[in-house]
Amino acid sequence: ATAYSMLVQCYIQENMVNVALKLTYQMKSLDILPSVGVCNSLLGALLCGEQIDYAWEFLEEIQCRGMGFDVSIINLFLQKYCSDSNLRSAWKLLMEMKQCGISPDIVAYTIFINSLCKQSLWREAVSILFKLTAVGISIDSVSVSSVINGFCKVGKMEEAFNLMKVFNISPNIYIYNSLISRFCSDGNMIAASNMFHEMSESGLSPDCFCFTTMIRGYCKIGDMNMAHNVLAKILKRGIKPSVVTYTILVDCCCESGDMEMAEYFFQDMMKEGLAPD
RNA sequence: CUAACAUUGAUAGAUUA
């Protein structure tokens with residue numbers, strides 16, 4: 001069974017999903033049941049590659065054979081609906097899974113909540129959070145950060161801070177980055193850098209996303225020195241900058257007509273082994 | 001039964017008739 005599982009995983013990584021699928025069916029005919037992990041990777045790959053019919057077919061097979069069937073598998077389908085903005089089907093699935101004896105977990109609800117926020121339905125998102133606490137599902141920082149990000153995107157900062165208080169969540173780097181990102185968009189680099197320091201001082205290590213957000217902020221107010229500074233900090237810390245990091249810098253230089261600087265950042269990106277997109 | 005591994009959710013840039 002382990003050998004089969006590893007093979008399947010490898011085929012998926014090599015983008016040979018169909019081979020992996022066949023192999024899994026072969027396992028079943030030998031009465032070897034693939035684990036939940038294997039089913040998950042396979043379904044994830046199928047849904048990602050828009051081979052949705054195969055995915056459903058495989059799901060049925062999973063149910064019939066009594067293979068590892070749990071909430072994480074359903075969550076993949078939920079995620080698929082939500083990334084297609086098909087909230088109605090997602091909600092239907094949430095309801096139906098209960099009837100199959102699988103109760104949605106915080107991950108399932110977070111997928112849905114996140115999708116609500118993306119469509120500016122914050123009230124609904126928050127009300128689900130409250131309902132969950134009422135039925136004894138504990139709210140984690142991921143679910144809250146999803147809503148906070150939604151609030152930050154539209155500048156509802158008070159609501160964002162409030163939510164943290166209400167659910168007694170201390171900010172992690174995702175939450176900090178959402179907040180900082182708002183300040184950067186507003187060109188308020190004083191607030192942004194204060195937040196950034198607060199984050200570092202509370203023992204969290206900012207990642208490439210956080211630094212990139214700061215770079216975007218400094219670029220926005222035309223402070224290329226500080227932007228450059230932040231980039232230097234990233235490299236010094238041994239964090240890998242991304243294509244996005246450099247794109248922001250190059251874009252900013254181009255806009256201000258400083259082609260020399262733009263060229264410099266572009267070359268630097270290549271040196272880091274990053275391919276422009 | 002235990003352990004290990006694998007699997008599902010949140011954050012940054014650019015594209016607009």
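Only heavy atoms go into these numbers, but all of them, side chains included; no hydrogens, no water, no symmetry mates. Naming: A, B, ... by sequence-line order, numbering from 1 per chain.
Contacts of Ser146(A) with the nucleic acid, taken as non-hydrogen atoms under 4.0 Å apart, involve only primed sugar atoms and P, OP1 or OP2. Using a 4.0 Å heavy-atom criterion, one finds that Lys80(A) contacts no nucleic acid atom at all. Ser5(A) comes within contact range of no nucleotide atom at all, as no heavy-atom separation falls under 4.0 Å. Across all strands shown, Asp277(A) has heavy atoms under 4.0 Å from base atoms, whether or not it also approaches the sugar-phosphate.
For Ile148(A) and A12(B), the CD1 to C1' distance is 17 Å, given to the nearest whole Å. Protein atom CZ of Arg182(A) is 14 Å distant from nucleotide atom C1' of U11(B), rounded to whole Å. In this entry the distance linking CG of Leu129(A) with C1' of A10(B) reads 12 Å, nearest Å. Atom CD1 of Ile12(A) and atom P of A6(B) are 14 Å apart (whole Å). Between the CD1 atom of Ile175(A) and the P atom of G9(B) there is a distance of 18 Å, rounded to whole Å. Rounded to an integer number of Å, the gap from Phe209(A) CZ to A10(B) C1' is 11 Å. The nearest whole Å value for the distance from the CG atom in Leu42(A) to the P atom in U8(B) is 13 Å. Atom CD1 of Ile73(A) and atom P of U8(B) are 12 Å apart (whole Å).
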Give the C-alpha distance, both sets of side-chain angles, the deciding distance and a yes or no for ring pair (Phe, Tyr, Trp, His ring centres under 6.0 Å) between Phe209(A) and Tyr174(A). CA-CA 9 Å; Phe209(A) 277 51; Tyr174(A) 290 85; 7.8 Å; no
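Comparing A12(B), U11(B), U8(B) against the side chain of Ile111(A) picks out U8(B) as the nearest. The side chain of Asn75(A) sits closest to U8(B) out of A10(B), U7(B), U8(B). Closest approach to the Tyr174(A) side chain among U11(B), G9(B), G13(B) is made by U11(B) (side chain taken as heavy atoms from C-beta onward). Listed candidates were A12(B), A6(B), A10(B). Nearest to the side chain of Ile248(A) is A12(B). Taking only side-chain atoms of Val142(A), from C-beta outward, the nucleotide of U8(B), A10(B), A12(B) with the closest atom is A10(B). Among the nucleotides U11(B), A6(B), G13(B), the one closest to any side-chain atom of Val244(A) is G13(B). Among U11(B), U8(B), G13(B), the nucleotide with an atom closest to any side-chain atom of Asn149(A) is U11(B). Considering only side-chain atoms of Arg216(A), the nucleotide from G9(B), A10(B), G13(B) that sits closest is G13(B).
A side-chain donor-acceptor contact under 3.5 Å links Ser256(A) to the backbone of Cys253(A).
Between Glu50(A) and Lys80(A) there is a salt bridge, with a side-chain nitrogen of the basic residue lying less than 4.0 Å from a carboxylate oxygen of the acidic one.
At a cut-off of 3.5 angstrom, the base of G9(B) holds at least one donor-acceptor pair with the side chain of Asp140(A). Contact annotation: side chain of Thr213(A) to base of A12(B), donor-acceptor pair absent below 3.5 Å. Evaluation of atom-type donor-acceptor distances gives a pair under 3.5 Å for the side chain of Ser242(A) against the base of A12(B).
For A12(B), one of the phosphate oxygens OP1 or OP2 lies less than 4.0 angstrom from a side-chain nitrogen or oxygen of Lys153(A). Within the 4.0 Å cut-off from OP1 or OP2 of U11(B), at least one side-chain nitrogen or oxygen of Lys118(A) is found.
Note on ring orientation: taking the six-membered ring where Trp is involved, the planes of Trp91(A) and Phe112(A) are tilted (angle from 30° to 60°). Using cut-offs of 30° and 60° on the angle between ring planes, the pair Tyr25(A) and Phe58(A) is perpendicular.
Aromatic ring centres of Phe265(A) and His228(A) lie closer together than 6.0 Å.
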